[in-house]
Amino acid sequence: MNKPIRKAVLPVAGLGTRFLPATKAVPKEMLTIVDRPIIQYVVDEARAGGIEHIVFVTGRNKQVIEDHFDIAYELEDTLRTRNKTAALELLEKHRPQPGSTSFTRQQAPLGLGHAIWCARDIIGDEPFAILLPDVIIKSQVSCLKQMVDLYEHTGGNIIAVEEVPEDQTHNYGIVELSDRIAANASRISNMVEKPAPGTAPSNLMITGRYILQPEIFDLLSSQDTGAGGEIQLTDSMLSMMKGQHFASLKFEGRSYDCGNKAGFLSANIAFGMDDPKLAEQLVPFMEEMIKQPLAAE
Ligand code: UTP
């Protein structure tokens, strides 16, 4: 019987430089997609995947994330006095249970691997999930739930992957696969970060969702730096692959990388189109926009 996945780490200590000046005082994870901050989508996905406890690895200027998942006492009291029940219910629905979140600080942004290592004491000796909070996934079933369903059969380590056009593989971490395990799952034999054009071992990119065994913390503790002088999670996963089983899951759904502007704007459109009233207004607007000449022309 595989140990259950009860805890998830959400690393939110990055600087978000690609969104400056917006992210000078507001964390990237609090930018909104339609009417919810990015981080809320990721927390909802984790909870739908059965996660009981979320560990946020935060940094300076990120306190507002903690406030977002707390009771907003004055606001809720005012809503109650004014009988705004629907608004109150919405706030309650998105609030985690008391005691089901932890916040720990990464004191300096030394890389994703270092951020995950900062959660080691709270995770302890059990397998756990990692959700990169700048990636949101639009799917029928929570992407993490799909991964947990696979994990219950395979155990080990699981990485969510998604197809990208062949000419885009050099922008992503790409997996190399060996045996097929299930319809959408295969064993991973290698991973390559941003392969040179024409050299990618597949067209499957690593999407920012992982289920990992706790031994990853031992490897991360060596604090070795990799690409960009940062402590990289990929380097430790590659070392762990020598002794442990890693599987890929081609999940049902589509990811939006909200850490870059095009992904962020695309996510706003895609999630906005889910609301029929918004779609009614967006479609004529988009039709009008695509008829306009591009600024560069
Ligand atoms: P990114 O490199 O995409 O995020 O890290 P960033 O540093 O916030 O953004 P830019 O590149 O400056 O615009 C991927 C994820 O890892 C977290 C980030 O918060 C993001 O969720 N991260 C990264 C950390 O928590 N700590 C780090 O040291 C680095």
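Both ligands and their constituent atoms are indexed starting at 1 by order of listing. All heavy atoms count here, side chains included; hydrogens, waters and symmetry mates do not.
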Residue pair Arg95 / Phe69: nearest heavy atoms and the distance that separates them: CG-O, 3.7 Å
Closest non-hydrogen atom pair between Ala182 and Arg180, with its separation: O-CG, 3.3 Å
Within the 4.0 Å heavy-atom sphere of ligand 1, strictly under, residues: Pro11, Val12, Ala13, Gly14, Leu15, Gly16, Thr17, Arg18, Lys28, Glu29, Gln106, Pro109, Leu110, Gly111, Leu112, Ala115, Pro133, Asp134
More than 12 heavy atoms of other groups within 6.0 Å of Gln140 CD: no
Heavy-atom neighbours of Lys138 NZ exceed 12 at 6.0 Å: yes
Residues that, via side-chain heavy atoms closer than 4.5 angstrom, fall in one hydrophobic cluster with Met205: Val164, Tyr172, Ile174
Ring center gap for Tyr256 and Phe264 short of 6.0 angstrom: no
